[in-house]
Protein chains: 2
Amino acid sequence: MAVSKKEISACPIDAMLSVIDGRWKGTILWRLSEGPMRTSELHRTIPGITQRMLIRHLHELVQDGILERHQERSTPPCVRYSISKYGLTLLPVLEEICTWGRKHLALQAAG
Amino acid sequence: MAVSKKEISACPIDAMLSVIDGRWKGTILWRLSEGPMRTSELHRTIPGITQRMLIRHLHELVQDGILERHQERSTPPCVRYSISKYGLTLLPVLEEICTWGRKHLALQAAG
DNA sequence: CAGTATCCACATCGATACTG
DNA sequence: CAGTATCGATGTGGATACTG
């Protein structure tokens, strides 16, 4: 869109959507809601995602305060991502979204 | 995105987001939650939206069953849009999204 | 392993002009 | 007034190769 959702927007709905908007962010949060994970682990368990998009989305989520990045200084490097305390406040909302979405899919299937 | 959110997706979150995704859909639903409105009325009260995008989003929302379109056969034509019974089930979720978004904006403003 | 750099494809959106 | 058609801009994501 011409006005990127990344811009500062006065609309609270857009503000929230901008955080979870992105092809894979929902899936990423879903996986991480089960516990911290390494980058490569996420990469393996999310079919179809490219490394570029994975890293990109992870960093954006960190930027927004939703995720935390823990790096163990070692060779080769080991980075773990987890949902931050702030990110936890997002999960109930995602649940609601998911619930509605499930019903919507069921209705679509029914015709 | 390459895989359009309009595609049939097995992910409930994407399913819900695809319904409200679109530069202006949040705002449109917001306005219509206060009551039915004519196309021109919406056009006037949503600053910056073009006629094309307004109509486009309205029709998509009708397609998804969220809105209802009432046409009075007259010259010139008079069309009113309102939130459908099904669309009403979406509003509480939008409220949740909005609430979280408001807090998020407040935090951003705080730094 | 984690992350970056390029390059490209495509969907969405905006501007404008037009129709019934 | 409600809606369509056309065209161009651009943002987002994908493929691939590369670095520390």
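Throughout, a chain's letter reflects where its sequence line sits, starting with A, and its residues are numbered from 1.
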* Asked: Is A:Gln63 atom CD crowded by more than 12 heavy atoms from other residues, nucleotides or ligands, each under 6.0 Å away?
  -> no
Whole Å only: how far is the [atom1] atom of [X] from the [atom2] atom of [N]?
| X | N | atom1 | atom2 | result |
| --- | --- | --- | --- | --- |
| A:Met37 | C:dA2 | CE | P | 12 Å |
| B:Leu54 | C:dC13 | CG | C1' | 14 Å |
| A:His59 | C:dA5 | NE2 | C1' | 14 Å |
| A:Arg38 | C:dA2 | CZ | C1' | 9 Å |
| A:Trp24 | D:dA15 | CH2 | C1' | 14 Å |

Quick one: look up who D:dG20 pairs with, Watson-Crick or G-U, both distances under 3.5 Å, and put none if it's unpaired.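 Partner of D:dG20: C:dC1.
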Suppose we define a pair by two distances each less than 3.5 Å, Watson-Crick or G-U wobble; what does C:dA9 pair with here?
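When the pairing criteria are applied, D:dT12 turns out to be the nucleotide that pairs with C:dA9.
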Just to confirm, is there a sub-4.0 Å distance from OP1 or OP2 of [N] to any side-chain nitrogen or oxygen of [X]?
| X | N | value |
| --- | --- | --- |
| B:Tyr81 | D:dC1 | no |
| A:Thr75 | C:dC1 | no |
| B:His43 | D:dC1 | no |

Report the nucleotide, chosen from [options], that has the shortest atom-to-atom distance to any side-chain atom of [X].
| X | options | result |
| --- | --- | --- |
| B:His57 | C:dC1, C:dC13, D:dG13 | C:dC13 |
| B:Pro76 | D:dT4, D:dC1, C:dC1 | D:dC1 |
| B:Val79 | C:dA2, D:dA2, D:dT4 | D:dA2 |
| A:Thr50 | D:dG14, D:dA5, C:dG3 | D:dG14 |
| A:Pro77 | C:dG20, C:dT4, D:dG20 | D:dG20 |

- Answer with yes or no whether the hydrophobic clustering places A:Ile55 together with A:Ile20; edges join I, L, V, M, F, W, Y residues whose side-chain heavy atoms lie under 4.5 Å apart. no
Under 3.5 Å donor-acceptor pair, [X] side-chain atoms to [N] base atoms:
| X | N | value |
| --- | --- | --- |
| B:Gln51 | D:dA2 | yes |
| A:Arg52 | D:dT12 | no |
| B:Arg56 | D:dT4 | no |

**Asked** When the aromatic ring centroids of A:His104 and B:Tyr86 are compared, is their separation below 6.0 Å?
**Response** yes
query: How do B:Gly48 and A:Arg44 order along DNA chain C: which one's closest nucleotide is nearer the 5' end?
result: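 Residue closer to the 5' terminus by nearest nucleotide: A:Arg44.
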Describe the nucleic acid contact of B:Arg69 in one word from base, sugar-phosphate, nothing, applying a heavy-atom distance below 4.0 Å.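 If one applies the 4.0 Å heavy-atom cut-off, B:Arg69 turns out to touch the sugar-phosphate alone, with no base involved.
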Ignoring hydrogens, what is the shortest heavy-atom contact between A:Ile97 and B:Met16? Give both atom names and the distance.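 What the structure gives for the nearest pair is CG2-CG, 3.2 Å.
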Is a salt bridge present between B:Glu60 and B:Lys25, judged by a nitrogen-to-oxygen distance below 4.0 Å? yes
